[in-house]
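As structure tokens, the structure follows; a few thoughts come after it.
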Amino acid sequence: MFDFDKWQEIFTTIAKNPLRTFLTAWSVAWGIWMLIILLGAGKGLQNGAEYQMSDDAINSIWIRPGETSIPFRGTQVGRRIQLTNEDYDEIAGRVDGVEYITSRFYPAGILSVSYGKEYGSFSVRAVHPDHQYLENTLVVEGRYINEKDLRDFRKVVVIGERVKEALFKEEAALGKYIKLNNLLFKVVGVFRDEGQEGETELIYLPISTAQRTFNGANRVNQMMLTVGDASLEESQLITQDIHRRLASRHNFSMEDPKAVYVNNNVENYQNFLNVMLGIRFFIWIIGIGTILAGIVGVSNIMMIIVKERTREFGIRKALGATPWSIVSLILQESIFITSIAGYAGLILGIVVLEGVGKLMQGTDFFRNPEVDFGIAIQATILLVVCGALAGLIPALKAANIRPIVALREE
Amino acid sequence: MIKLSNIHKSYQVGKNRLHVLKGIDLDIAEGELVSIMGSSGSGKSTLLNILGILDNYDQGEYYLDGTLIKNLNETRAAIYRNKFIGFVFQSFNLISFKNAMENVALPLYYQKVSRRKRNRLALEYLDKVGLYDWAHHLPNELSGGQKQRVAIARALISDPSVILADEPTGALDTQTSYEVMEVLKDINKNGKTVIIVTHEKDISEMTQRVIRLRDGMIESYGLEKQPVVDNK
């Protein structure tokens with residue numbers, strides 16, 4: 001393969017025919033470049049969507065109350081449904097397949113949060129200990145709310161990193177007391193959250209304490225639960241079971257779409273996966289199309305090149321070139337040009353992707369565009385091989401043509 | 001050097017077969033300078049192609065330098081062309097993107113001669129045809145006569161048994177034609193067998209023997225030197 005003379009011959013040809021070299025190289029480099037950008041952009045979209053989903057448990061079911069919209073057993077429409085601790089007890093105790101479950105209560109009227117002279121306004125959520133698993137909360141200092149806090153109505157809080165920064169600056173927060181409307185709460189933990197920034201501007205309280213302290217009685221604003229590794233069908237059964245129990249407890253129709261919203265994230269995630277699959281499929285279709293266009297481009301140019309050089313091959317044959325020497329000359333030149341060009345397209349594509357990734361670093365829907373290097377290399381090799389094959393057929397024809405015929409070509 | 005016996009060749013033209021060569025018998029000895037003449041359609045180009053192993057024949061036998069040239073595959077034919085034959089064409093057939101030296105050196109490339117050696121030899125042969133100073137010029141920078149001399153140098157460089165020239169002066173003016181013929185005659189004086197296909201009487205008259213073709217048959221072998229007829 002490493003025949004110095006042949007390479008010399010090839011380099012001379014390349015140097016003397018810059019336009020056709022450029023055209024071949026361009027169609028390959030462009031094809032590979034497009035493919036890299038496409039695959040990378042698709043991956044970026046996927047990463048972004050996954051990032052947005054990463055905040056909440058993907059196997060969760062969310063329950064929010066609403067207003068009735070269908071008259072049922074003598075009740076009017078427009079009746080507000082109020083979830084309670086008893087609903088929580090029934091679902092936690094009776095529904096099969098519940099893994100973690102928490103209520104959420106938003107204490108009304110907490111106007112200020114302060115520590116010493118530092119004030120701030122933060123959302124406050126009163127929850128059960130299982131809440132930690134539903135929001136993918138990462139405790140970085142101390143601990144999360146626990147069962148004992150709930151039983152003893154302890155006045156404790158777990159604060160987000162942003163809350164800590166705002167109130168405590170450089171100071172340690174654990175064990176200190178912060179004021180919620182002039183009531184003192186002890187900080188027992190600091191957390192971080194995988195989700196968006198806002199998720200750490202939060203304060204968590206034990207739900208029992210909050211209901212007693214902030215006039216909550218037994219009211220609950222919403223409930224969330226996870227279903228472990230239940231399948232889509234199992235999760236749908238659980239959703240139905242919950243819906244039925246709530247309907248009978250609160251006396252609304254099962255047909256009523258607005259009384260209680262039971263939102264199945266397993267189903268949502270499945271839909272999301274389907275959409276992603278669709279996008280990936282679409283990108284592959286376009287990618288394959290791009291590669292095919294590249295192959296057609298290279299084939300065309302190779303055929304034109306061979307046609308254009310028929311006379312030259314005739315001369316070479318008259319001077320003693322064997323058919324194989326002609327074929328290998330064409331193939332080696334084509335493989336050389338397409339490999340170099342393919343590689344250049346690949347590198348350029350990756351550089352552009354990196355640049356775009358850096359520029360769009362802050363955005364949530366598009367993150368870390370990246371390309372499977374193996375696939376990129378395979379695509380390049382495919383293009384090189386197809387270019388060579390495309391050249392091979394006319395090359396074989398040119399090589400086997402009688403020199404006298406080739407010499408007559410003008 | 002060359003021995004043809006009962007060579008037949010026909011071409012398929014549409015539905016008809018065109019019988020071009022109808023039994024050619026021919027002997028050309030080593031060191032001869034012969035010309036083949038004939039009107040167009042007489043089969044002289046076909047005969048030349050067969051002599052040059054550029055085309056095959058249907059029937060008969062062709063011995064070149066003692067080797068039977070028959071039913072060769074392309075690879076074998078290429079090797080024999082390289083070894084036995086040097087071509088000179090009417091349209092020169094130089095490779096346009098190679099300079100004169102590289103064009104002359106090309107046959108040696110196919111003999112796997114090293115680059116350095118074949119370029120040295122190429123310069124030597126260019127010197128013989130008086131074009132040493134033009135070695136690094138591309139064909140389109142040369143005149144017709146110069147191109148043909150480059151082609152002759154290229155035909156000579158592989159030291160073939162026979163030089164086949166197909167209308168070597170067809171694209172040249174009279175003055176240049178005579179110069180090219182002088183070069184060919186010089187080559188012949190050095191012992192090389194030279195066969196020239198031409199339809200120009202004055203060119204054929206510069207050769208030792210004129211073979212005349214007519215309708216695919218040899219009309220005269222020209223064994224006795226033809227009397228020079230001055231019809232101007």
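Side chains are part of it too, since the values below use all heavy atoms of this structure and drop only hydrogens, waters and symmetry mates. Note on naming: letters A, B, ... go to the chains in the order of the sequence lines (proteins, then strands), and numbering restarts at 1 for each one.
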Are B:L94 and A:E312 close enough that some pair of their side-chain heavy atoms sits under 4.5 Å apart? no

State, with a plain yes or no, whether a side-chain heavy atom of A:K317 is found less than 4.5 Å away from one of B:L54.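 Counting from C-beta outward, A:K317 and B:L54 never come under 4.5 Å.
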
B:S96 and A:R311: CA distance, side-chain angles, deciding distance, side chain to side chain donor-acceptor pair (under 3.5 Å) verdict: CA-CA 11 Å; B:S96 59; A:R311 189 183 173 83; over 6 Å; no

CZ-CD1 distance between B:R154 and A:I315, expressed to the nearest 0.5 angstrom: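 The CD1 atom of A:I315 is 6.0 Å from CZ of B:R154, to the nearest 0.5 Å.
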
Which distance, rounded to the nearest 0.5 Å, do you find between the OG1 of A:T322 and the OH of B:Y110?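 Going from OG1 on A:T322 over to OH on B:Y110, the span is 8.0 Å.
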
Does a sphere of radius 6.0 Å around [atom1] in [X] hold more than 12 heavy atoms from other residues, nucleotides or ligands, not counting ones at 6.0 Å or beyond?
| X | atom1 | answer |
| --- | --- | --- |
| A:Y343 | OH | no |
| B:E141 | CD | yes |
| A:K397 | NZ | no |
| A:F11 | CZ | yes |
| B:R214 | CZ | no |

Heaviest contributor of heavy-atom pairs below 4.5 Å to chain B, chosen from A:S325, A:A318, A:G314, is A:A318

A:A321 versus B:A78, closest heavy-atom pair with distance: O-CB, 3.3 Å

Looking only at heavy atoms, the pair that brings A:L319 and B:L106 closest together is CD1-CD2, 3.8 Å

Heavy-atom cut-off 4.5 Å, strictly under: side chain, backbone, both or neither for [X] against chain A?
| X | result |
| --- | --- |
| B:N56 | both |
| B:F89 | side chain |
| B:F87 | side chain |

Any idea which of B:R76, B:E102, B:Q111, B:R81 has the most non-hydrogen atom pairs under 4.5 angstrom with chain A? B:R81

